[in-house]
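Written below as structure tokens is the structure these notes are about.
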Amino acid sequence: MPLLLNAAERIAGTPIDLVAIDMPLSMLPITGRREADNAVSRAYGARKCSTHTPSPARPGKISDDLYANFGRAGYVLQVQAPVLRGLVEVYPHPALVELMGAAERLPYKAGKVRSYWRNLTPAERKVQLLAQWAAISAALNTVLAGSIDATLRADENSTGTQLKSCEDVLDAIVCAWVGTTILSGKARPFGDEKAAIWIPTTPAG
């Protein structure tokens with residue numbers, strides 16, 4: 001963990017205040033649905049942003065290790081505002097709904113293009129996906145300068161693996177943006193004293 005944090009500091013050129021992770025995290029072992037999952041699903045289920053149900057196997061040890069190792073490095077899981085430093089759980093789908101002012105979950109996952117655009121050809125689906133990514137990047141750039149430059153480039157000839165890499169980078173930028181809203185007091189924790197999913201409370205602009 002120190003190596004990861006040191007690398008992040010070198011890239012950012014400043015000490016790291018907040019670590020935002022798109023994965024279920026908890027102060028207690030995760031055995032099933034948490035109040036955090038239920039709270040987000042109640043608030044965003046109608047907009048197709050309900051959470052999946054975590055289990056002891058998924059996220060399992062990865063989540064436990066992240067929680068413990070970041071805690072030892074001084075980044076304690078944060079479940080209440082205000083937040084000045086620590087570790088937080090975020091969820092890109094509702095965050096993007098807030099950013100874009102969208103009615104529902106955005107069709108931006110590379111592995112789901114067939115379900116998004118059933119009547120289009122594979123090439124046409126890829127065009128739609130790239131257009132959606134461009135719109136998300138442009139919106140992110142208005143709230144987190146440099147987002148467009150940080151986004152990996154993809155085109156109609158990109159492979160599935162390349163597209164997934166682009167999607168992962170886009171999600172990472174969303175997580176970074178959500179982190180800035182948490183530090184500025186413009187995000188809300190959904191959950192309880194053991195776990196919380198943070199979602200921005202104000203749209204872009």
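Atom CZ of Arg58 has 12 or fewer heavy atoms from other residues, nucleotides or ligands within 6.0 Å. At most 12 non-hydrogen atoms from other residues, nucleotides or ligands lie less than 6.0 angstrom from CZ of Arg118. In this structure, Ile62 places its CD1 atom where only 12 or fewer heavy-atom neighbours from other residues, nucleotides or ligands lie under 6.0 Å away.
Looking at Phe70 and Leu4, their side chains come closer than 4.5 Å, going by heavy atoms from C-beta outward. Put simply, the side chain of Pro54 reaches to within 4.5 Å of the side chain of Pro59, judged on heavy atoms. Proximity of Tyr44 to Phe190: side-chain heavy atoms (C-beta onward) are separated by under 4.5 Å at one or more points.
Note: His93 and Tyr108 meet the aromatic proximity criterion, with ring centroids under 6.0 Å apart.
When every heavy atom of Ala196 is checked against every heavy atom of Ala36, the shortest pair comes out as CA-CB, 4.1 Å. Taking every heavy atom of both residues into account, Gly179 and Leu18 meet most closely at O-CD2, 3.5 Å. The shortest heavy-atom contact between Trp117 and Pro107 is CH2-O, 3.6 Å. Taking every heavy atom of both residues into account, Pro189 and Ala81 meet most closely at CG-N, 4.5 Å. Contact between Met23 and Leu66 at its shortest, heavy atoms only, is SD-CD1, 3.8 Å. Taking all atoms of both residues into account, the shortest heavy-atom contact from Val178 to Ala95 is CG2-CB, 3.7 Å.
Arg33 and Thr51 are linked by a side-chain donor-acceptor pair at a separation below 3.5 angstrom, with hydrogens and angles left out of the test.
In summary, of the residues considered (Val19, Leu87, Val88, Ile21), a side-chain contact (heavy atoms from CB on, under 4.5 Å) with Leu77 occurs for Leu87 alone.
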- [ ] Kindly indicate, with the supporting measurements, whether the criterion salt bridge (Lys or Arg N to Asp or Glu O under 4.0 Å) is fulfilled by Asp37 and Arg34.
- [x] CA-CA 5 Å; Asp37 303 303; Arg34 308 160 299 162; 2.9 Å; yes
Open item on the list: One pair to check against side chain to side chain contact (heavy atoms under 4.5 Å, CB included): Ser147 and Trp177. What are the steps and the verdict?
Closed with: CA-CA 9 Å; Ser147 294; Trp177 165 62; over 6 Å; no
Task: Steps toward side chain to side chain contact (heavy atoms under 4.5 Å, CB included) verdict (Leu130, Leu163) - done: CA-CA 9 Å; Leu130 296 178; Leu163 291 174; 4.3 Å; yes
Open item on the list: Using side chain to side chain contact (heavy atoms under 4.5 Å, CB included), reason through Lys126 and Val113 one step at a time and then give a plain yes or no.
Closed with: CA-CA 8 Å; Lys126 190 176 290 186; Val113 291; over 6 Å; no
- [ ] Step by step, work out the side chain to side chain contact (heavy atoms under 4.5 Å, CB included) result for Lys109 and Leu129.
- [x] CA-CA 8 Å; Lys109 291 295 182 177; Leu129 179 66; over 6 Å; no
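Note on Val83 and Leu5: separate hydrophobic clusters, where clusters join Ile, Leu, Val, Met, Phe, Trp and Tyr whose side-chain heavy atoms are under 4.5 Å apart, directly or indirectly. No continuous path of hydrophobic side-chain contacts links Ile136 to Val127 [ILVMFWY only; heavy atoms under 4.5 Å]. One hydrophobic cluster, built from ILVMFWY side chains closer than 4.5 Å, cannot hold both Val76 and Trp198; they sit in different ones. Hydrophobic clustering of Ile, Leu, Val, Met, Phe, Trp and Tyr side chains at less than 4.5 Å, counting indirect connections, keeps Val97 apart from Val90. Under a hydrophobic-cluster definition in which Ile, Leu, Val, Met, Phe, Trp and Tyr are linked whenever side-chain heavy atoms come within less than 4.5 Å, directly or via other members, Val169 and Tyr91 are assigned to different clusters.
Note that CD1 of Ile182 and CG of Asp17 are 12.0 Å apart. Values are rounded to the nearest 0.5 Å. Note: Ile16 CD1 to Tyr75 OH = 6.0 Å, rounded to the nearest 0.5 Å. Here the straight-line distance linking atom CG of Leu96 with atom CD1 of Ile199 works out to 11.0 Å at 0.5 Å rounding. Taken from CG in Asp192 to CD in Gln80, the straight-line distance is 9.5 Å, to the nearest 0.5 Å. Expressed to the nearest 0.5 Å, how far OG of Ser137 lies from CG of Leu144 amounts to 11.0 Å. Remark: Ile173 CD1 to Leu152 CG distance equals 8.0 Å, nearest 0.5 Å.
Ser63 places a side-chain N or O within donor-acceptor distance of the main-chain N or O of Pro24, the cut-off being under 3.5 Å. Between the Glu89 side chain and the Leu25 main chain, a donor and an acceptor come within less than 3.5 Å of each other. Under a 3.5 Å cut-off, the side chain of Arg125 and the backbone N or O of Leu120 do form a donor-acceptor pair. At least one donor-acceptor pair under 3.5 Å links the side chain of Asp155 to the backbone N or O of Ser158.
Remark: Glu98 does not engage Arg188 in a salt bridge, criterion side-chain N to carboxylate O under 4.0 Å.
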